[in-house]
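Worksheet: one structure, shown below.
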2 protein chains.
Amino acid sequence: MAEGSYHHGNLRAALLERAEAVLTESGPAGLSLRGLARDLGVSHAAPTRHFRDRQALLDALAVSGFTEFNRRLGEAADGPGGVERRLEALGRAYLGFAVERHALLHLMFAAKHEERSSEELRQLGHHSLDIASRLLAEAQTAGAVRPGDPARLAQVAFSTVHGLAVLAVGGLLDETPLDEAGDLALRVLLAGLRPPA
Amino acid sequence: MAEGSYHHGNLRAALLERAEAVLTESGPAGLSLRGLARDLGVSHAAPTRHFRDRQALLDALAVSGFTEFNRRLGEAADGPGGVERRLEALGRAYLGFAVERHALLHLMFAAKHEERSSEELRQLGHHSLDIASRLLAEAQTAGAVRPGDPARLAQVAFSTVHGLAVLAVGGLLDETPLDEAGDLALRVLLAGLRPPA
DNA sequence: ACCTGAACACCGTTCAAGT
DNA sequence: ACCTGAACACCGTTCAAGT
């Protein structure tokens with residue numbers, strides 16, 4: 001239980017959870033510490049005990065988002081099947097997360113972060129790229145992907161998938177279902193990565 | 001001249017210009033109507049004469065950004081050279097704008113817009129995609145690009161370039177110069193778009 | 001037309017004080 | 001440890017009033 005140990009019990013986790021919901025519903029402009037405190041029934045100063053300021057809460061949310069994101073990417077990369085199938089699964093895992101939790105993904109990739117936690121965020125971002133990089137290196141030895149620095153190829157692969165997610169969330173895809181757009185994007189990407197004949 | 005006709009002369013344009021600068025320097029959180037008014041030496045209520053509210057100013061900025069963006073894309077698409085060279089130029093024009101004016105591009109593709117102007121923004125966004133679509137259709141008849149709905153292929157092409165720009169601005173590219181990352185991304189993309197052998 | 005100045009309800013942040 | 005309540009300096013928005 002541990003509910004209501006003092007006034008709330010687990011204010012930190014509750015703040016993060018509520019913050020993502022508000023971010024998803026109303027965007028960054030609609031998120032205020034005072035509003036969160038109201039929603040959770042604590043005084044407006046209570047969040048300060050857990051997050052030094054508004055940005056610290058956003059950073060913590062980005063960190064927890066990246067952790068979950070990387071967990072999902074790793075799962076796809078280590079899944080069943082040959083390397084090409086796992087590359088595809090990786091792309092789909094990315095797109096799935098991006099659409100499901102687009103507010104969070106946006107926060108994760110936003111440029112502005114507090115000095116003190118940006119290092120952790122950068123490392124988490126690198127880990128995402130490393131997962132793709134590792135899989136691409138495996139695909140290279142299998143002869144399914146062109147030679148070249150796999151880290152750079154991972155940047156290209158991420159670009160395609162990330163850009164598609166942004167277009168989808170921004171409404172630029174119109175009536176095209178994301179699944180179909182994702183299919184085509186992954187097909188074009190994998191064809192482009194294949195070794196030149 | 002027309003400077004200082006009443007108090008400022010061209011407050012609307014001055015607000016937009018200053019707003020983009022603030023957005024670039026300090027991000028959306030650092031942008032306030034009151035701050036802009038202070039910077040320009042007018043009362044805090046003066047901006048309301050030109051923009052009903054904060055969002056209206058952001059929308060107007062996004063519209064002007066898209067107009068310039070589309071102008072540049074159109075220039076690249078109608079430039080000299082064969083269709084493949086112009087496709088490359090289109091990609092470079094996109095990346096150039098994205099990095100030069102990343103705060104503006106971000107605003108342009110942000111999902112949240114006022115009801116009354118989102119239609120105009122959507123149309124401008126479509127026009128960007130149409131430029132790519134038109135060029136891809138031309139490349140298809142020249143046999144340089146695989147068959148299929150050029151509008152969908154344009155979505156894929158935009159995804160790659162847009163995603164790369166986001167990664168660059170977000171600091172995920174590390175020491176990789178954007179030019180090099182852009183080269184590789186465009187090469188992979190164009191290879192992926194080529195008709196299957 | 002265009003801008004001012006006061007007003008209102010919000011916000012982030014700080015800090016002494018309570019339990 | 002964790003939270004409260006008051007305080008301060010900000011903010012967006014509105015509106016009567018000035019020129």
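In the text below, chain A, chain B and the rest are named by the order of the sequence lines, each starting its count at 1. Fair warning: this is a prediction, and the values are worked out from it, not measured in the lab.
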Below 4.0 angstrom from OP1 or OP2 of C:dC3, is there any side-chain N or O of B:H50?
yes
Test side-chain contact (heavy atoms from CB on, under 4.5 Å), reference A:L104, set A:M108, A:H106, A:E100, output is A:M108
Taken to the nearest whole Å, CG/A:L11 to C1'/D:dA1 is 13 Å
Under a 3.5 Å threshold, yes or no: a donor from one side chain and an acceptor from the other, between B:T160 and A:T160?
yes
When you check the phosphate oxygens OP1 and OP2 of D:dC11, does a side-chain N or O of B:S32 lie under 4.0 Å from one of them?
yes
Send over the distance from B:R52 CZ to D:dT13 C1', rounded to a whole Å.
13 Å
Distance test, side-chain N/O of A:R34 to OP1/OP2 of C:dA9, below 4.0 Å:
no
In whole angstrom, give the distance that lies between atom CG of B:L15 and atom P of C:dC2.
13 Å
Mind calculating the distance between CG (A:N10) and P (D:dA1) to the nearest angstrom?
17 Å
Spacing of B:R49 atom CZ relative to D:dA16 atom P, expressed in whole Å:
12 Å
Run the numbers on B:V83 and B:L135 for side chain to side chain contact (heavy atoms under 4.5 Å, CB included), then give the verdict.
CA-CA 7 Å; B:V83 69; B:L135 201 52; 4.1 Å; yes
Would you indicate whether B:E20, at its atom CD, is surrounded by more than 12 heavy atoms from other residues, nucleotides or ligands within a distance under 6.0 Å?
yes
From CZ of A:F51 over to P of C:dT14, roughly how many Å is that when rounded to an integer?
16 Å
Under 3.5 Å donor-acceptor pairs involving side-chain atoms of residues 185-197 of chain B, not counting sequence neighbours:
none

To the side chain of B:S43, which of D:dT14, D:dG5, C:dT4 is closest?
C:dT4
Looking at side-chain heavy atoms only, is the closest gap between B:E84 and B:E88 below 4.5 Å?
no
Candidates D:dC2, D:dT13, C:dT13 - which lies nearest the side chain of A:R54
C:dT13
Starting at CZ of B:R38 and ending at P of C:dT4, how long is that distance when rounded to a whole Å?
14 Å
B:A46 or A:A45, whichever maps to the more 5' nucleotide of DNA chain C:
B:A46
For DNA chain C, what are the stems built from at least three Watson-Crick or G-U pairs in a row, each pair having both distances below 3.5 Å?
C:4-8 with D:12-16, C:12-16 with D:4-8
A:H44 has an atom NE2; how far is it from atom C1' of D:dG5, in whole Å?
7 Å
Flag yes if more than 12 heavy atoms outside B:E138 fall under 6.0 Å of its CD atom; otherwise flag no.
yes
Checking contacts here: which listed nucleotide (C:dT4, C:dT13, D:dC3) is nearest the side-chain heavy atoms of A:L33?
C:dT13
